[in-house]
Amino acid sequence: MNKFCPNCGNELPQDASFCNNCGAAQNGNQAGQTINQTINQNVYTTPAPVIAKREIIVALLLSFVTCGIYGIYWFIVMTDESNKVSGDNSTSGGMAFLFTLLTCGIYGIYWYYKMGQKLYLAGKTYNKNISDNSILYLILGLFGFGIVSYCLIQNDLNKFAE
């Protein structure tokens, strides 16, 4: 079992009375921390950003009933929420929608892939069970099943609302 300084985490010889890094006194109980104990205390100390949970069925129905207007809102909000959980604020939801309009949908195809990447990295960062679905989202978007991608993206976003 390795011995570590409880003050700075520096690895110490078993018979050390003082830390050779920070000078802290080493007394019996505190100096015998294992690597796993030190790591477990420091992992995921920052909580994941909390977002509102959105019911997928309700969002789908509203998108159909409003002839796609709610779908535009949903697109913008999903982009903003993925930016919030991933920490990547390079393109806001409104800008992503504008780019999609200006490029006749080409940016939207890139958006599917980028959303998968953002959510996967955010899931790894905050220990959420999110797979890298970026290729799946891209393929669904290319073949006209973008609404299915929306549902899958929202499902992943809802994991941050739990």
Check against side-chain contact (heavy atoms from CB on, under 4.5 Å), S92 and D80:
CA-CA 6 Å; S92 70; D80 289 338; 4.0 Å; yes

Connected via hydrophobic side-chain network under 4.5 Å: I139 and V148:
yes

Spacing of T91 atom OG1 and W111 atom CH2 [to the nearest 0.5 Å]
12.0 Å

Side-chain heavy-atom pair L119, S82 within 4.5 angstrom cut-off:
yes

Can you check whether F160 reaches I130 side chain to side chain, under 4.5 Å on heavy atoms?
yes

V65-V58 co-clustered via ILVMFWY side chain contacts under 4.5 Å:
no

Please give me the minimum heavy-atom distance between I51 and L157, naming the atom from each residue.
CD1-O, 3.2 Å

I need the minimum non-hydrogen distance between D132 and Y120, along with the two atoms involved.
N-CD1, 3.4 Å

Check whether more than 12 heavy atoms from other residues, nucleotides or ligands sit under 6.0 Å from atom CG of N129, and answer yes or no.
no

Are any side-chain N or O atoms of K84 and backbone N or O atoms of V50, one a donor and one an acceptor, separated by less than 3.5 Å?
yes

For residues S149 and G141, report the shortest heavy-atom separation together with the two atoms involved.
OG-N, 4.1 Å

If you round to the nearest 0.5 Å, how far is CE of M78 from CG of N83?
12.0 Å

Could you tell me whether Y107 atom OH has more than 12 heavy atoms of other residues or ligands within 6.0 Å of it?
yes

Interatomic distance, CE@M115 vs CG@D156, rounded to 0.5 Å, equals 9.0 Å

Are the side chains of F75 and T100 in touch, meaning some heavy atoms are under 4.5 Å apart?
yes

Find the distance between CD (E81) and CD (Q154) and round it off to the nearest 0.5 Å.
6.0 Å

Nearest heavy-atom pair of V85 and Y126: which atoms, and what distance?
O-CE1, 3.3 Å

Give, for atom CG of L142 and atom CD1 of I109, the distance between the pair rounded to the nearest 0.5 Å.
5.0 Å

Check whether more than 12 heavy atoms from other residues, nucleotides or ligands sit under 6.0 Å from atom OH of Y110, and answer yes or no.
no

Minimal heavy-atom distance between S86 and A122, with the atoms involved, is CA-CB, 3.9 Å

Value rounded to 0.5 Å, distance of CD1 in I153 from NZ in K118
10.5 Å

Could you check whether D88 and S90, counting side-chain N and O atoms only, form a donor-acceptor pair closer than 3.5 Å?
yes

Does the side chain of S63 come within less than 4.5 Å of W74's, by heavy atoms?
yes

L60 side chain reached by C151 side chain, heavy atoms, under 4.5 Å:
yes

Spell out, yes or no, whether L136 and F143 are grouped together once hydrophobic residues are joined by side-chain heavy atoms under 4.5 Å, including indirect joins.
yes

Hphob cluster co-occupancy, L138 + L121, side-chain heavy atoms under 4.5 angstrom:
no

Cluster link L152 to L61, ILVMFWY, side chain under 4.5 Å:
no

So, for Y112 and Y137, is the gap between ring centers shorter than 6.0 Å?
no

Whether N158 side chain and R54 backbone form a donor-acceptor pair below 3.5 Å:
yes

